[in-house]
Amino acid sequence: MTNSRLTDAEVLEHRYPVLLESHRINLGSGGQGRWKGGDGTIRRTRFLEPMTAAILSNHRRIPPFGLHGGAPGSVGDQWIEHPDGRVEKLKAADKREVAAGDIFAAQTPAGGGFGKP
């Protein structure tokens, strides 16, 4: 999965032993403004076999800025949800060995707003 070209669920599931659990809009994550920034997404992928997961991402500490009085959008985040209920936070650039049943979740940053609300 990349920001510039998102891999279709069917292609991802065909090439790798994973199941795309969900991919949804993160409602309300865009920055406020006269014109609201675009909301980000949350994508959750379940591993069906042990694998290595890696991420290289941006806008995890500094939010996407707004313009002309618009508020910044939400920062991105990423974590692994384990079957026993543990949630393991990941850094912006990170790599982990995952087990079958683990879920890798990636929350994309949202756009900043434009203009005073």
Side-chain angles (χ1 to χ4, degrees):
M1 177 172 124
T2 67
N3 285 340
S4 58
R5 189 173 90 178
L6 187 63
T7 304
D8 294 329
E10 296 84 1
V11 172
L12 187 67
E13 292 175 350
H14 178 74
R15 290 186 181 167
Y16 302 102
V18 299
L19 175 68
L20 185 61
E21 291 271 319
S22 64
H23 190 193
R24 65 177 180 85
I25 295 173
N26 187 12
L27 294 174
S29 60
Q32 295 299 310
R34 181 169 180 197
W35 290 279
K36 187 178 175 299
D39 288 333
T41 65
I42 299 176
R43 186 167 170 153
R44 297 175 68 245
T45 306
R46 181 180 301 274
F47 294 93
L48 304 177
E49 295 178 10
M51 295 179 71
T52 302
I55 186 164
L56 176 60
S57 57
N58 290 310
H59 289 292
R60 281 3 195 200
R61 288 181 291 142
I62 300 170
F65 58 88
L67 288 173
H68 301 292
S74 297
V75 295
D77 201 5
Q78 55 282 327
W79 60 91
I80 296 174
E81 301 169 9
H82 298 282
D84 64 5
R86 289 180 302 119
V87 174
E88 183 179 359
K89 299 287 276 179
L90 301 174
K91 296 181 284 188
D94 215 335
K95 180 172 102 171
R96 288 288 189 284
E97 299 302 317
V98 292
D102 286 346
I103 294 174
F104 179 85
Q107 174 182 303
T108 63
F114 184 88
K116 293 181 182 177

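- A salt bridge is absent between Arg96 and Asp102: the closest approach of a Lys/Arg side-chain nitrogen to an acidic carboxylate oxygen does not fall below 4.0 angstrom.
- In this structure, the separation between CZ on Arg46 and CG on Leu48 is 8.0 Å, given to the nearest 0.5 Å.
- Put simply, Val98 and Trp79 are part of two different groups of oily side chains (I, L, V, M, F, W, Y) that touch within less than 4.5 Å, one to the next.
- Across all their heavy atoms, His59 and Pro109 have their closest contact at CB-CG, 3.6 Å.
- Taking CZ from Arg44 and NE2 from His23, the interatomic distance works out to 12.5 Å, rounded to the nearest 0.5 Å.
- For the pairing with Asp77, the salt bridge (charged side-chain N to carboxylate O under 4.0 Å, His left out) check across Arg61, Lys89, Lys91 returns one residue only, Lys89.
- Side-chain N or O atoms of Asp84 include one that pairs as donor or acceptor with a backbone N or O of Arg86 at under 3.5 Å.
- Residue Ile103 is not grouped with residue Leu20 when hydrophobic side chains (ILVMFWY) are merged at heavy-atom distances under 4.5 angstrom, including chains of intermediate members.
- No single ILVMFWY cluster, assembled from side-chain heavy atoms under 4.5 Å apart, contains both Phe104 and Ile42.
- Atom OG1 in Thr7 sits 7.0 Å away from atom CZ in Arg15 (nearest 0.5 Å).
- Under the 30°/60° scheme for interplanar angles, the aromatic rings of Phe114 and Trp35 are found to be tilted.
- Here the closest heavy-atom approach between residue Pro63 and residue Gly73 is recorded as CB-O, 3.1 Å.
- In terms of modelled atom types and a separation under 3.5 Å, the side chain of Arg60 and the main chain of Asn58 share a donor-acceptor contact.
- Proximity of a side-chain donor or acceptor of Ser29 to a complementary backbone N or O of Gly40 within less than 3.5 Å is detected.
- When the side chains of ILVMFWY residues are joined at heavy-atom separations under 4.5 Å, either directly or via intervening members, Phe47 and Leu12 end up in a single hydrophobic cluster.
- Note that CG of Leu19 and OG1 of Thr45 are 8.5 Å apart. Values are rounded to the nearest 0.5 Å.
- The CD atom of Gln78 lies 10.0 Å from the CG atom of Leu56; values are rounded to the nearest 0.5 Å.
- Across Leu90 and Ile80, no two heavy atoms sit closer than the pair CD1-CG1, 3.9 Å.
- For His82 (side chain) and Gly85 (main-chain N/O), no donor-acceptor pair under 3.5 Å exists by modelled atom type.
- In this structure, a donor-acceptor pair under 3.5 Å is absent between the side chains of Arg43 and Gln107.
- Here the straight-line distance linking atom OG1 of Thr41 with atom CG of Leu27 works out to 11.5 Å at 0.5 Å rounding.
- Residues Met51 and Pro17 are in side-chain contact: their nearest non-hydrogen atoms beyond the backbone lie under 4.5 Å apart.
- One hydrophobic cluster, built from ILVMFWY side chains closer than 4.5 Å, holds both Ile55 and Val18.
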